[in-house]
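What follows is a set of notes on a single structure, which appears directly below.
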Amino acid sequence: MSISVATWNINSVRLRLPMVQEFLANHQPDVLCLQEIKCQNDQFPAKAFAESGYQYHAVNGQKSYHGVAIVSRLPLLESDTREFCKMGDARHVSAIVEAPFGKTRIHNFYIPAGGDEANIEINPKFKHKMDFLSELQDWFDEDDFDNEQIIVGDFNIAPHENDVWSHKQLLKVVSHTPLETDTLNALQARRNWVDVVRKHIPHEERLYSWWSYRSKDWNASNKGRRLDHIWATPDIAGHSSQTVVLRDARGWGLKPSDHVPIISHFG
DNA sequence: ATGGCGGATCTTATCCGA
């Protein structure tokens with residue numbers, strides 16, 4: 001008995017619905033967490049996912065931007081959303097699944113990108129990102145935050161040197177600045193979160209989950225960043241057996257997402 | 001040149017992402 005959880009920033013779920021369905025058919029994760037669905041709740045293609053065998057959904061949509069969803073072939077219990085920074089953004093949804101090792105809450109996050117300038121004084125988007133991380137840390141510190149959890153999503157931070165194509169050249173680029181990586185590392189230490197991607201693919205190996213659309217040839221230049229993550233509390237991470245990053249997905253179809261799916265197996 | 005692209009919507013222009 002095992003359970004598999006996938007995360008994928010899909011950059012419009014309506015545009016790339018056939019691609020997601022093909023992914024589900026080929027890889028059959030039990031749970032798929034999507035970010036940047038870019039639609040409202042009533043526009044979410046729930047029926048299409050149900051016909052693909054994924055009949056359980058927890059959706060936190062928003063018009064045009066952001067938006068997150070969990071689709072599952074296992075029942076989703078007690079789904080919930082949380083608002084951060086009083087922005088009205090749809091950047092979080094969670095639900096409980098019955099895993100072989102017990103009931104487990106899965107959180108799906110879309111952390112703000114942060115704009116261009118890594119300076120909270122002059123860049124409101126960067127301030128939003130840092131404030132979001134601060135609120136997240138406060139939440140993790142609360143006593144009622146369960147100990148058995150998985151968190152996934154587009155964190156928009158590449159924390160380690162081998163999570164970017166050039167550590168040196170990206171030190172001042174939002175997503176890899178020391179302020180962001182230190183903050184994310186502190187956040188990770190808060191609940192002893194285990195990075196289950198790096199548990200199976202060690203830091204010595206370069207690993208990316210995002211490649212810019214603006215690159216002429218993403219595959220040849222390979223200037224990516226590891227922005228997408230799957231973390232688990234220690235007990236659950238102890239059950240994790242494998243993680244796959246589907247690099248090839250960056251080249252799927254004529255219009256791929258700029259992020260690729262990551263799948264972790266537990267149990 | 002990673003960011004000379006690609007989403008959605010305010011659509012033939014604009015805002016946003018990273």
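Just so we're on the same page: letters track the sequence lines, and every chain starts at 1.
Here the nucleotide nearest the side chain of A/Tyr110, chosen from B/dC10, B/dA8, B/dG17, is B/dG17. In the set B/dT9, B/dC10, B/dA18, B/dT9 carries the atom at the smallest distance from any side-chain atom of A/Ser64. Taking every side-chain heavy atom of A/Ser12 into account, B/dG7 is the closest of B/dT2, B/dA18, B/dG7. For A/Asn9, counting side-chain heavy atoms from C-beta on, the closest listed nucleotide (B/dT9, B/dA18, B/dG7) is B/dA18. Nearest nucleotide to the A/Arg225 side chain, out of B/dG7, B/dA8, B/dA18: B/dA18. Distance from the side chain of A/Lys38 is smallest to B/dA8 among B/dT9, B/dG17, B/dA8.
Here the options are A/Ser264, A/Ser241, A/Ser240, the test is side chain to side chain donor-acceptor pair (under 3.5 Å), and the partner is A/Lys199; only A/Ser240 passes.
Close to B/dT9, at under 4.0 Å from its OP1 or OP2, lies a side-chain N or O of A/Arg14. Within the structure, a side-chain polar atom (N or O) of A/Asn156 is placed less than 4.0 Å from OP1 or OP2 of B/dA18. Considering only side-chain N and O atoms, A/Lys255 lies under 4.0 angstrom from the phosphate OP1 or OP2 of B/dG7.
Using a 4.5 Å heavy-atom cutoff, the side chains of A/Leu136 and A/Phe84 are in contact.
Atom CG in A/Asn11 sits about 12 Å away from atom P in B/dG17, given to the nearest Å. For A/Tyr213 and B/dC5, the OH to P distance is 13 Å, given to the nearest whole Å. Whole-Å rounding puts the A/Tyr65 OH to B/dT14 P distance at 13 Å. Across the protein-nucleic acid pair, A/Ile10 atom CD1 and B/dG17 atom P stand 18 Å apart, rounded to whole Å. Taking atom CD1 on A/Ile37 and atom P on B/dC16, their separation rounds to 19 Å, with Å as the unit. With rounding to whole Å, A/His229 atom NE2 is found 13 Å from B/dA18 atom C1'. Atom CG in A/Asp258 sits about 12 Å away from atom C1' in B/dC16, given to the nearest Å. Atoms CH2 (A/Trp210) and P (B/dC5) sit 14 Å apart, rounded to a whole Å.
Considering CD of A/Glu135 and CD of A/Glu83, their distance stands at 9.0 Å, rounded to 0.5 Å. Distance check, rounded to the nearest 0.5 Å: CH2 of A/Trp139 to CZ of A/Arg191 gives 10.5 Å.
Here A/Trp211 lies out of heavy-atom contact (under 4.0 Å) with every strand. Within the 4.0 angstrom heavy-atom criterion, base atoms lie near A/Leu170. If you check every strand for non-hydrogen atoms under 4.0 Å, A/His176 touches nothing. Using a 4.0 Å heavy-atom distance criterion, A/Lys129 is classed as making no nucleic acid contact. Using a 4.0 Å heavy-atom cutoff across all strands shown, A/Glu36 reaches sugar-phosphate atoms only and no base atom. No contact: A/Asp217 has no heavy atom under 4.0 Å from any strand. If you check every strand for non-hydrogen atoms under 4.0 Å, A/Asp116 touches a base.
With the nearest nucleotide of DNA chain B identified for both A/Lys216 and A/Gly115, A/Lys216 has the one nearer the 5' end. Both A/Arg16 and A/Ile111 lie near DNA chain B, and the one whose nearest nucleotide falls closer to the 5' end is A/Arg16.
The P atoms of B/dT2 and B/dT14 are separated by 28 Å, rounded to the nearest whole Å. Using P as the reference atom, B/dG6 and B/dA18 are 16 Å apart when rounded to the nearest Å. On the P atoms, B/dC10 is 27 Å away from B/dG4, given to the nearest whole Å.
Remark: side-chain polar atoms of A/Arg206 are paired, donor with acceptor, to backbone N or O of A/Val164 under 3.5 angstrom. Looking only at distances, a side-chain donor or acceptor of A/His229 sits under 3.5 Å from a matching main-chain atom of A/Ile157.
Residues A/Trp165 and A/Tyr208 keep their aromatic ring centres 6.0 Å or farther apart.
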